[in-house]
Protein chains: 2
Amino acid sequence: MTDIDTSPIPERKRGSGVKMVYDLLRDEILDLVLPPGSPIDEVQLAERFKMSRTPIREALVRLAGEGLIDTLPNRSTMVANIDFLNMHTFFDALVLMYRVTTKLAAQYHRPEDLKVIRAHQAEFAAAVQAQDALAMIATNAAFHSAIAEAGRNAYFTGLFNRLLDEGRRMLRLYYQSYDDRLPQRFVEEHDDIIAVIANRDIEEADRLAKLHAEQIVHQIQKLFAREDRLDVAL
Amino acid sequence: MTDIDTSPIPERKRGSGVKMVYDLLRDEILDLVLPPGSPIDEVQLAERFKMSRTPIREALVRLAGEGLIDTLPNRSTMVANIDFLNMHTFFDALVLMYRVTTKLAAQYHRPEDLKVIRAHQAEFAAAVQAQDALAMIATNAAFHSAIAEAGRNAYFTGLFNRLLDEGRRMLRLYYQSYDDRLPQRFVEEHDDIIAVIANRDIEEADRLAKLHAEQIVHQIQKLFAREDRLDVAL
DNA sequence: TGTATATTATTTGTCGACAAGAATTTTATC
DNA sequence: GATAAAATTCTTGTCGACAAATAATATACA
C-alpha cells in the first residue's frame with residue numbers, strides 16, 4: 001500500500017466559511033473591487049473558496065439584507081447600484097447622524113473612548129499629511145464611527161455605519177486617482193470636536209458636528225459637480 | 001395500470017417558501033406569539049411548512065439580520081430578547097425619528113400621501129373609540145410609518161420602521177389584557193400633525209412631532225413603572 | 001454519594017445532486 | 001431573410017443525507 005494522502009488539509013473551522021466569504025465580499029464591494037452592477041456568480045465563488053454553494057448563499061443573503069447586493073428572483077444577483085438620484089436623502093441622513101452621534105458622545109463617553117478616538121484622529125492626520133485620499137476616507141469614517149460608539153446608542157451606530165459604508169463606496173468612485181486631497185482644515189475640525197466631547201459640551205458638540213458634516217457634504221458635492229462637468233464635456 | 005396519484009399537490013411557487021416563512025415568523029415574533037427567548041427549531045419548522053431546512057434557514061438568516069432572532073453558533077437559535085437596560089437609547093432614537101420623519105413629510109409630501117395618512121388616522125381613531133389597545137398600537141405605528149414614507153428618505157424610514165416594530169413588541173408585553181387605553185388626546189394630536197404637514201409648516205411639524213413623541217414615551221414609561229411596582233409587590 | 005470520564009443523542013453546518021425557471025441557441029416556417 | 005417555436009444551456013432554489021459540534025445521559029471511580 002502506498003502512502004495515500006488523506007489530505008486533511010481543508011481544515012477550515014465549521015461556521016467560519018460564511019463569515020470569511022461575507023467579510024471578503026463586503027470589503028470588495030466597499031472598495032469597488034466589485035463595482036456597482038457587477039454580477040455575482042455563486043458557483044464561481046464556491047470554486048474560489050473551495051466550498052459548496054450553501055455557505056456562499058448564506059453570505060449573499062446577509063449582504064442583500066444590508067442592501068449591498070440586489071437579487072432578482074430566479075435570475076442573477078449583482079452588486080447594488082449607487083442611487084445618485086436620491087443623493088440628497090443620503091446627505092440629510094449623514095448630517096443628522098454626524099450631529100446626533102457627536103452629541104451623544106459628548107454626553108456618554110468614557111475616558112477610554114477618547115483614547116480610541118484620538119488614535120483614529122492620528123491616523124487621519126497621517127493620511128492627510130501623506131495626501132492619500134483613499135486612506136483619508138477610511139480613517140475619517142473610522143474616526144466618526146468611534147465617536148458614535150462612544151455615544152452608545154446601537155440604533156444610531158447601526159444606521160451611521162451603514163451611511164459611512166455607502167459614503168465610502170461613493171467616494172471611491174471619485175478618488176480612484178489619488179490626485180485630490182481633503183483640506184488640512186478637516187484635521188483641525190476633528191481636534192475641535194474631540195475637545196468639546198472631552199469637555200462634555202453637548203450644545204457645542206452639536207454645532208461643530210453640524211458645521212463639519214456640512215463641510216464634508218459640500219466637499220463631496222463639489223467633487224461630483226466637477227465630475228459632472230467632465231462627463232458633459234466628453 | 002391503476003390511476004396512480006402522482007400528487008402534484010405541493011405546488012408552491014419556487015421561491016415563495018422563504019417569504020412565507022419569513023413573513024409568518026416575523027408576525028409571530030412581533031405579536032409575541034413567539035415571546036422573547038422562545039427557541040426556534042429548524043426541523044420543526046421544516047415539518048410544519050412541509051419543506052426542507054434550506055429555505056427555513058434562509059428566512060432565519062434574514063430575521064437574524066434584522067435583529068429579531070439571536071443565533072448562537074452551533075447551538076440553538078431563539079427569539080431576540082428585549083433590551084430593557086438600554087431602553088433610553090430606544091426612546092432617544094424613537095423621538096428623533098418621529099421628529100425628522102414628520103418634518104420631511106411636511107417638506108416633501110404629495111397630495112396622495114395625505115389620503116393614506118388620513119386613512120390610517122381614521123383607523124387609529126376607531127381603535128381609540130373601541131378602546132382596543134392592541135389595535136391602537138398597530139394603527140398608531142401604521143400612521144407614523146405612512147408619514148415617514150411621505151418624507152421619502154429610505155434611510156430614515158428603514159430605521160423608523162425597525163423602531164416601530166421593536167416598540168410594538170415592547171408594548172404587547174404590557175397590553176396583553178386590553179384593559180388600558182391611550183387617551184383621546186392622541187387622536188387630536190394626530191389631527192394637528194396632519195394639518196401642519198398639509199400646511200408644509202416644517203418648524204411647527206418638528207415642534208408638534210417632538211411633543212407628541214415625548215407624550216408617547218412618557219406614556220410608555222408610566223406603564224413600565226406601574227408594572228415595575230407590581231413586580232416588586234409580588 | 002459526588003465527581004470525572006465516556007457514551008449516546010440531538011442539532012447545526014455543509015455537501016452533492018436534482019429540478020424549475022430564464023436566457024440563449026437552434027430549428028422550422030412563412 | 002425574418003419571425004416564431006422548439007431545444008439546449010445555464011443559473012438558481014430546494015432537497016435529502018452526512019459530519020461536526022454540542023448537550024444529555026450513562027458509566028466508572030474515589
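Chain identifiers are assigned alphabetically (A, B, ...) following the order of the sequence lines, protein sequences preceding nucleic acid strands; residue numbering begins at 1 within each chain.
Atom CD1 in A/Ile69 sits about 13 Å away from atom C1' in D/dT12, given to the nearest Å. When rounded to the nearest whole Å, the span between CD of B/Glu58 and P of C/dT12 equals 17 Å. Separating the CG atom of A/Leu72 from the P atom of D/dC10 is a distance of 20 Å, rounded to the nearest angstrom. At whole-Å resolution of the value, CD in B/Gln44 and C1' in C/dT10 are 14 Å apart. Summarising the geometry, the separation between CG on A/Leu45 and C1' on D/dT11 is reported as 13 Å, rounded to the nearest angstrom.
With rounding to the nearest 0.5 Å, the separation of CG in B/Leu30 from CD in B/Glu166 is 8.5 Å. Taken from CG in B/Leu159 to OH in A/Tyr155, the straight-line distance is 9.0 Å, to the nearest 0.5 Å. Once rounded to the nearest 0.5 Å, the distance linking CG of A/Leu63 with CG of A/Leu25 reads 6.0 Å. Atoms OG1 and CD1, on B/Thr77 and B/Ile69 in that order, are 4.0 Å from each other to the nearest 0.5 Å. The NZ atom of A/Lys13 sits 10.5 Å away from atom CE of A/Met20, with the distance rounded to the nearest 0.5 Å. Put simply, OG1 on B/Thr89 and CG on B/Asp92 are 7.0 Å apart, with the number rounded to the nearest 0.5 Å.
For residues 18-29 of chain A, proximity to DNA chain D is found at no residue, defined as any non-hydrogen atom under 4.0 angstrom from a strand atom. Contacts of residues 46-56 of chain B with DNA chain D (heavy atom under 4.0 Å): B/Met51, B/Ser52, B/Arg53, B/Thr54, B/Pro55.
Between A/His190 and A/Phe124, the angle of the ring planes lies from 30° to 60°, which puts this pair in the tilted group.
Of the residues A/Phe160, A/Phe143, A/Phe156, the one that meets the ring pair (Phe, Tyr, Trp, His ring centres under 6.0 Å) test with A/Tyr98 is A/Phe160.
Residues passing the side-chain contact (heavy atoms from CB on, under 4.5 Å) test with B/Val79, sequence neighbours excluded: B/Ile29, B/Leu34, B/Ser38, B/Ile40, B/Arg169.
Without hydrogens or angle criteria, A/Asn161 side chain to A/Thr157 main chain gives a donor-acceptor distance under 3.5 Å. Listed for the A/Asp31 side chain is no donor-acceptor partner under 3.5 Å among the backbone atoms of A/Val33.
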N/O-N/O pairs, protein side and nucleotides 7-9 of chain C side, under 3.5 Å:
none

Can you pull every protein N or O that's under 3.5 Å from an N or O on nucleotides 19-22 of chain D?
residue	atom	partner	partner atom	Å
D/dA20	O4'	A/Arg14	NH1	3.4
D/dA20	N3	A/Arg14	NH2	3.3
D/dT22	O3'	B/Arg75	NE	3.3

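Counted within 6.0 Å of NE2 on B/His88, heavy atoms from surrounding residues, nucleotides or ligands total more than 12; the atom is thus considered enclosed.
Residue pairs meeting the salt bridge (Lys or Arg N to Asp or Glu O under 4.0 Å) criterion with at least one partner in residues 99-118 of chain B, sequence neighbours excluded, are B/Arg99-B/Asp206, B/Asp113-B/Arg152.
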